[in-house]
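Everything on this sheet refers to the single structure shown next.
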Amino acid sequence: MPEFSNSQIAAALEELGDLYELDGAIIHRVVAYRNAAKAVREASTSVAGLARAGRATELPGIGATLQEKIQALVDTGQIPAAEKLRAKFPPGLVAITRLAGLGPKRARMLYDELGIDSLDALRAAIESERVRDLRGFGVKAEENIRAALEAAAAGDGGEVRVVLDRALAIGEPIVAALRADPAADRVELAGSARRWTDSVKDLDVIATAHDPAALAAAFAELGTFERVHSSGPAGARATTHSGLRVDLRIVAPEQFGNLLQHFTGSKQHNMALRDMAVRKGLHVSEYGVLDDATGETRTCATEADVYALLGLAYIEPELREDRGELEVAADGGAGLPRLLEPGELRGDLHCHTIASDGRTTIEKMALAARERGLEYLAITDHSATMGFGNDVAPDELRRQIERVREANAAIEGIELLAGSEVNVLPDGRLDYDDELLAQLDWVIASVHTSFRMPAAEMTARIVAALEHPLVDALGHPTGRKVERRPPYAVDMEEVIAAAARTGTMLEINANPDRRDLDDVHARAAAAAGVPIVIDTDAHWPANFDVARYGVATARRAWLGPEQVANTRPWPELRALRKRARR
DNA sequence: GCCGTTTTCGGCCCGACTGTTTTCAGTCG
């Protein structure tokens, strides 16, 4: 029986929740499965291992029943209840619940009354106008289902998420323009963009204004939009030329804190927050906080007031994911981390030049890094077996080391380090020999080939690289690309344990398309005592500006400056490398 | 199905919108 990963267990629990929902279970039971799936997905250790030891109940939202079901899954490969329900409901039924406007209740009605068990069967029923006669449906419902089916067939039925840098490239200028408008008072980007998630579905902007209608009109007239759906004193709603939906909400100043808190989310954070509030007789919404004791609704001009009113310490937006932040904030807030700030990174340990697939010279990269206030920069072109740009064969690397030393002597104000991003071969070996690696100041090992190896082999391959005495850090550890490519199959718990054991650092690659380690893994790695490095992987001078996405991932991982190695001056960081500690 | 400085049983976030209904269920965020 191959080991189940946390994400596989989480997917099984999600599916079981969906099946119970179709089966008509009370919603709280369904929600319990979804909460459990979230807890499993975000757990910092192997849930399969926990379940086998009978300890999965240590995770929030997992009790005796779910412990038993997870144990059955990891021991036998299946959950009996899921097998039974799968036999009861055809897989096409779940596809129907995914259509816009249709949920489990209505899908079940279609199945029970008309035998509709697939999208094709649903389409046929719509064509023959049989759906309109069902209780709770009508002609309008048929029209909406027809549109949802067409949207699904055209491929735009699914959720389209935009990687954060593209979304901010749209959202930040909108906020700047609105702030500059004479009608505006306060303007803030809210939503998941404010929490710096990897990608977003839409943008939410929250504002106060002394002339709301004028601000909404100014918003509607920005050249950014292909279409403005609505505009009035309460706000406006529009879609950009690139298809991103942007909502502007304008609110009275005394309610600004409530609205900003609500629309910053996350949904999970807000649900847990409201649940905590209810226990104190308080009811939180975007409009205020209703107190059962007085029957009055209090409004808040700032978010800090909202949290204070609930007896909570202020929680930074990046932490609002219901990953334990509320419990810590309720306990006085001393357990909330002092998060890393962008200006605290002193160096960058991963960039490329024309020696491999970068687009400019060592000198130009050095000047760009210095301009951004960095004290040191490692030049880490790809190693010999890479197909990117010019291969850096061993002799070429020797010349590159010389070039770095010369540039370092010529350029004041920044220390240049000779490094390499060395490929980890499928068998775990590196493609330079140790004599050459030992001449480098900094060695990053990365996987760039054979992504589809089985998990056990990939894990062994990466662990072998971590055990190499001259590997200082592992680059983009899971190989994922945000919204484009899932991580390769690898046991990250084992990788993190190996990094901790060997004293190898793990990278948060700041490229917004990577952000790898992700927030969950970075938090687990830091908790295991692994030093984190945040690198831009810059291929061009302007790429150094992506550092903020790496900082954001670190903040979402609860990291402070002491856990991020490149907040230290180079002499201190140099001494942290395992080769210096032997 | 989970959980408890109200509770081991009886709760479980809140509001908007839609379309179908004669007062509300289902879906969505």
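Every chain is numbered from 1 and lettered A, B, ... according to where its sequence line falls, protein lines coming before strand lines.
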How does protein contact run along nucleotides 14-23 of chain B, one letter per nucleotide 5' to 3', with B for base contact, S for sugar-phosphate only, - for none, heavy atoms under 4.0 Å?
BSS--SSS--

Heavy atoms only, 4.0 Å cut-off, all strands: where does [X] land among base, sugar-phosphate and nothing?
| X | value |
| --- | --- |
| A:Ile27 | nothing |
| A:Ala277 | nothing |
| A:Ile26 | base |
| A:Ala36 | nothing |
| A:Lys280 | nothing |

On DNA chain B, nearest-nucleotide positions of A:Arg29 versus A:Gly281: which is more 5'?
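The residue closer to the strand's 5' end, by nearest nucleotide, is A:Arg29.
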
On DNA chain B, nearest-nucleotide positions of A:Ala272 versus A:Gly101: which is more 5'?
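Nearest-nucleotide comparison on DNA chain B picks A:Ala272.
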
Of all the nucleotides listed (B:dC13, B:dG1, B:dT27), which has the minimum atom distance to the side chain of A:Lys105?
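Given the options B:dC13, B:dG1, B:dT27, the side chain of A:Lys105 is closest to B:dT27.
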
Nearest-Å distance, [atom1] ([X]) to [atom2] ([N])?
| X | N | atom1 | atom2 | value |
| --- | --- | --- | --- | --- |
| A:Asn35 | B:dG11 | CG | C1' | 15 Å |
| A:Arg237 | B:dC28 | CZ | C1' | 12 Å |
| A:His28 | B:dC12 | NE2 | C1' | 4 Å |
| A:Leu59 | B:dC3 | CG | C1' | 15 Å |
| A:Arg279 | B:dT7 | CZ | P | 12 Å |
| A:Phe263 | B:dC28 | CZ | C1' | 12 Å |
| A:Ile70 | B:dG1 | CD1 | P | 13 Å |
| A:Arg98 | B:dT27 | CZ | C1' | 14 Å |

Name the pairing partner of B:dT8, where a pair is Watson-Crick or G-U wobble with both distances under 3.5 Å, or state none.
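Paired with no nucleotide.
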
Rounding to the closest angstrom, what is the interatomic distance between [N] and [M] at atom [atom1]?
| N | M | atom1 | value |
| --- | --- | --- | --- |
| B:dT18 | B:dT6 | P | 40 Å |
| B:dT20 | B:dC14 | P | 29 Å |
| B:dC17 | B:dG11 | C1' | 27 Å |
| B:dT5 | B:dG15 | C1' | 31 Å |
| B:dA16 | B:dG10 | P | 32 Å |

Heavy-atom check, side chain of A:Leu273 versus side chain of A:Tyr307, under 4.5 Å
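Counting from C-beta outward, A:Leu273 and A:Tyr307 do come under 4.5 Å.
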
Are the side chains of A:Met276 and A:Leu310 in contact, using a 4.5 Å heavy-atom criterion?
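Sidechains of A:Met276 and A:Leu310: no contact.
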
Assess whether a salt bridge exists between [X] and [Y], defined as any Lys/Arg side-chain N lying under 4.0 Å from an Asp/Glu carboxylate O.
| X | Y | result |
| --- | --- | --- |
| A:Arg146 | A:Glu127 | yes |
| A:Arg166 | A:Glu483 | no |
| A:Arg194 | A:Glu188 | no |

Could you give the distance from [atom1] ([X]) to [atom2] ([Y]), rounded to the nearest 0.5 Å?
| X | Y | atom1 | atom2 | result |
| --- | --- | --- | --- | --- |
| A:Arg323 | A:Arg523 | CZ | CZ | 7.5 Å |
| A:Leu66 | A:Gln71 | CG | CD | 12.5 Å |
| A:His269 | A:Arg274 | NE2 | CZ | 10.0 Å |
| A:Arg515 | A:Arg480 | CZ | CZ | 7.5 Å |
| A:Arg52 | A:Ile70 | CZ | CD1 | 12.0 Å |
| A:Asp291 | A:Leu282 | CG | CG | 5.0 Å |

Contacting residues from residues 9-22 of chain A, given that a heavy atom lies under 4.0 angstrom of DNA chain B:
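The answer is none.
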
Which residues in residues 307-336 of chain A have at least one heavy atom lying under 4.0 Å from any atom of DNA chain B?
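Residues of residues 307-336 of chain A that come under 4.0 Å of DNA chain B do not exist, since none gets that close.
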
Say whether A:His229 and A:Thr239, considering side chains only, have a donor N or O and an acceptor N or O under 3.5 Å apart.
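Their side chains do contain a donor-acceptor pair, which is all the 3.5 Å distance test asks for.
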
Report yes or no: do A:Thr197 and A:Arg195 form a side-chain donor-acceptor pair below 3.5 Å?
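Absent: no donor and acceptor within the cut-off.
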
